[in-house]
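This report refers to the structure that appears directly beneath it.
Chain letters run A, B, ... following the sequence lines, proteins first and then strands; every chain starts at 1. Worth saying up front: this structure is predicted, and the values here are computed from it rather than measured.
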Amino acid sequence: MSKPFYITTPIYYVNARPHIGHAYTTIACDTIARRQRMLGFDTYFLTGTDEHGQKIERAAQAAGTDPQKFADEVSAQFRGLWQRMGITNDDYIRTTEERHKKGVGELFRRIRDKGYIYKGTYTGQYCVSEELYVDGLKPGDPCPTCGRITETVQEENYFFKLSAFQDKLLELYNSQPDFIRPETRRNEVISFVKSGLRDLSVSRSTFQWGIPVPDDPKHVIYVWLDALSNYITALGYGSDDTTKYKKYWPAEVQMIGKEIVRFHCVYWPAFLMAAEIPLPKAIVAHGWLLFEENKMSKSRGNIVRAETILDVLGNDALRYFLLREIVFGQDGSFSFDALVQRYNADLANGLGNLASRTLTMINRYFKGEVPFPSQRAARKAGDDVIAEQAEKAIKECKALFDQYQFSRGLEAAWALVGAVDKYIVENEPWALGEKQDEESRARLATVLYTSAEALRIVTALAHPVIPEATAKIWAQLGLDGIAKFDLSTLKWGQLQLGSKLGKVEPVFPRADKKAIERMQEMEDQQRGGVVTDAQPGVPEKTAAATPSAEAAKPEAAKPAATVSSDGKITIDDFAKVDLRVAQVKVAERVKGADKLLRLEVDLGYETRQILAGIAEAYAPETLIGRKVVIVANLAPRKMRGLESNGMIVAASLEGGKPVLASFLEEVPLGARLK
RNA sequence: GGCGGCGUAGCUCAGGUGGCUAGAGCGACGGUCUCAUAAUCCGUAGGUCGUAGGUUCGAGUCCUACCGCCGCCA
């Protein structure tokens, strides 16, 4: 009986369409799941969608539909994307499914029976967007997290005795240092718990879209208690058939985004403790995917969809990039440039080319049969070096993947690719192929066998990350069923001699600059449709995050929403505006626009293009060298086909011309105004 | 405001418990081979390891302050 291995993604909140951030989390889990299967674990991989809550109720209303239909549509989009990406989840849970509702009811009842849920009254401020009660605010105050105005509510609630678990939680973190990873998240959680836990409201009576509290259907169960339970209800907790639950729970890994650490590392274990259910072994939090240094958000209009990359470069390219380029756990930056560069360097020129050259030569010189390596005279030190490198790659890869250090694990595997390329050049098999003497033939056989065997090993190691291409290379090597290959037995020398190669063809065609342009165009088109992309009718203002993994914290809320009732903004609001000193380097008129100038300004750390409607007030040549103030973090915007990355600050006189802000003293470029 | 983290070559990152001339990959530049996806391979480029002090025979690695960025909490 093989060991069970249960892994979960967060369930994604259906208030937003899936994007590359969701894909990132899911890909990481899929990679782990595939690897664990190859290692012989009885792996169970769960993902799904979170569909309840006031936010969904309101979004559906705004879209003129009912919440269930609304959720159906978005959930189907997630499911469709995962199918398209070949995600190997074993189940897909939706919180609106009967099995889930039943399980949640059961969990609620159980915690209540144990005495950890009681009825109380809450009066205070409530943030609809975050679906959270916020302490210490006055009526009309904005939510400290999202900036939207909170609502005053008074309601009778069920409360969970979270306060009773403070010591037990601290003991958990202490006795299982790996419970929360990475360590920086662990520190945050510990300090949060140490600062004292208040009881948690776990029901709502102000809206309907949720699971009714058992025996008191006026209330619905709080979204987080609802959502978190999915990890066990999907296994059959609270149902008649608990086979899977008994087999797979507790989970080995629960992957989350860093924005939902508190819910998974504090509330979730506390709920489980209260119900006397075993705790998951580890909660692993990854960082955020930034787009060229900025958070992806709807308001910035810089959300990238996974589909674009799938269309242009393919599934493996996306998977490889995300896991190789980003240090797992830290925030990482996504850009089309970096994606294509990585793709070409590592996949096309690296693994793809190695497969191509090795297999082509075996075809040419040995009629497509893996040759026998010579045992005696034709052996050289270099051959053994490759074998050693391969063993090293296997070892390091294992250690690093076990710790979810994907980027370093791939780096270790690719070191072997580099070594083999070098080995091939040093041994010049093409020159050996010219000769017919026995010595040369033997040598050629050894060189090509060695190369092919190393290729086989890299292919096996990389399979969990790039399943499609590695399956092809595997088949080209004349092997079959890479997914069934037992990774734990992988070692040098397993390649069957004389095995017949499959048809050899490139697996990673080289990408050119057009690929970048194409992806950008596709995204631009999508974004052009942001306003109308109300497909499932998700109004912009609901784009905030709660139980979703990636939706992240809604920064840069609509200005109108951050202004309190008296028209004043907080210092935090102002701090969102990044005002910087920049120097004009280039200034020219924009064809066909009377007022517009195209400027290139130097911020000291970067140069960027800004379009400014100041042509009537300033001749372009008079601006060159002048220091100006710009809003540096304004979302890019296209005007007259040119992209403007920022805004020049100027006094706007009544009916008159703009006057640029400037300084009397000397100021360095890039200096921030605050 | 409290707590915590980070700041190393153009880019992404390595550099447990201080110790040879600070590393890798990518990119850039020059050269090479020709089996291969104009791929490979070789060489070069030269970073005050955020700043200023301190501890030490010796600090990127420890301490203090400061600057910048970020996270959690209030």
query: For B:C69, what is the paired nucleotide under Watson-Crick or G-U wobble rules, both distances under 3.5 Å?
result: B:G5

statement: Looking only at B:C35, B:C69, B:A36, the nucleotide nearest the A:Asn353 side chain is B:A36

message: Looking at A:Thr470 and A:Pro467, would you say the former's side chain and the latter's main chain have a donor-acceptor pair under 3.5 Å?
response: yes

- request: Over 60° means perpendicular and under 30° means parallel, so classify the ring planes of A:Phe406 and A:Phe401, tilted if in between.
  value: perpendicular

- prompt: Looking only at atom C1', what distance separates B:C20 and B:G60, rounded to whole Å?
  reply: 16 Å

- prompt: Can a side chain N or O of A:Lys422 be found less than 4.0 Å away from OP1 or OP2 on B:C42?
  reply: yes

Distance between C1' atoms of B:C72 and B:C62 (Å, rounded): 26 Å

query: Within less than 4.0 Å of OP1 or OP2 of B:G25, is there a side-chain N or O belonging to A:Arg342?
result: no

message: Taking the minimum atom-to-atom distance to the side chain of A:Glu325, which one of B:U12, B:A39, B:C26 wins?
response: B:U12

query: B:G27 pairs with which nucleotide, Watson-Crick or G-U wobble, both distances below 3.5 Å?
result: none

task: Check every atom of B:C35, B:C72, B:U37 against the side chain of A:Glu188 and return the nucleotide holding the closest atom.
output: B:C72

Between B:G53 and B:G16 - P atom distance, rounded Å: 26 Å

field: Protein-nucleotide distance (A:Leu290, atom CG; B:U12, atom P), rounded to Å
entry: 11 Å

message: Centroid separation under 6.0 Å, is that true for the rings of A:Phe160 and A:Trp224?
response: no

message: Applying a 4.0 Å non-hydrogen cut-off, can you work out what A:Asn349 is touching in the nucleic acid: base, sugar-phosphate, or nothing?
response: sugar-phosphate

query: So which nucleotide from B:A74, B:U37, B:A14 ends up closest to the side chain of A:Val327?
result: B:A14

task: Start with the C-alpha distance between A:Arg443 and A:Asp437, add both sets of side-chain angles, then the distance that settles salt bridge (Lys or Arg N to Asp or Glu O under 4.0 Å), and finish with yes or no.
output: CA-CA 10 Å; A:Arg443 188 70 208 130; A:Asp437 61 287; over 6 Å; no

message: Cation-pi check for A:Phe366 against A:Arg441: NZ or CZ below 6.0 Å from the six-membered ring centre and within 45 degrees of the axis, yes or no?
response: yes

- request: Pick base, sugar-phosphate or nothing for A:Ala348, based on heavy-atom distances below 4.0 Å to the nucleic acid.
  value: base

task: In whole angstrom, give me the gap between the P atoms of B:U61 and B:G54.
output: 14 Å

- prompt: Using the C1' atom in both, what is the distance from B:A9 to B:A28, to the nearest Å?
  reply: 13 Å

- prompt: If we take the C1' atom in both B:C70 and B:U34, what is their distance in whole Å?
  reply: 50 Å

field: Nearest-angstrom distance, P atom, B:A59 to B:U21
entry: 12 Å

query: What nucleotide among B:U40, B:C35, B:U37 has an atom nearest to a side-chain atom of A:Thr360?
result: B:C35

task: Starting from P on B:C72, measure out to CG on A:Asp331 and report it in whole angstrom.
output: 10 Å

message: Parallel, tilted or perpendicular: which one describes the rings of A:Phe334 and A:Phe336, with boundaries at 30° and 60°?
response: perpendicular

query: Of the residues in residues 406-418 of chain A, which ones touch RNA chain B at a heavy-atom distance under 4.0 Å?
result: A:Arg408, A:Gly418

query: Expressed in angstrom and rounded to an integer, what is the separation of A:Asn427 atom CG from B:U40 atom P?
result: 18 Å

- request: Could you check whether A:Val189 gets within reach of a base, just the sugar-phosphate, or nothing at all, counting any heavy atom under 4.0 Å?
  value: nothing

Working for salt bridge (Lys or Arg N to Asp or Glu O under 4.0 Å), residues A:Arg518 and A:Asp311: CA-CA 10 Å; A:Arg518 235 175 338 142; A:Asp311 281 346; over 6 Å; no

- request: Kindly point out which of B:C73, B:U37, B:C26 is positioned nearest to the side chain of A:Arg262?
  value: B:C73

task: Compare the minimum distances between each of B:A39, B:C35, B:C41 and the side chain of A:Met361, then state the nucleotide with the smallest one.
output: B:C35

message: Under 4.0 Å, heavy atoms only, any strand: does A:Ser191 hit a base, just the sugar-phosphate, or nothing?
response: nothing

message: Quick check: do A:Phe179 and A:Tyr173 have side-chain heavy atoms less than 4.5 Å from each other?
response: yes

query: What distance, rounded to whole Å, do you find between the two C1' atoms, one in B:C6 and one in B:C13?
result: 14 Å

statement: Taking B:U37, B:A14, B:A74 as options, the one with an atom nearest any side-chain atom of A:Arg198 is B:A74

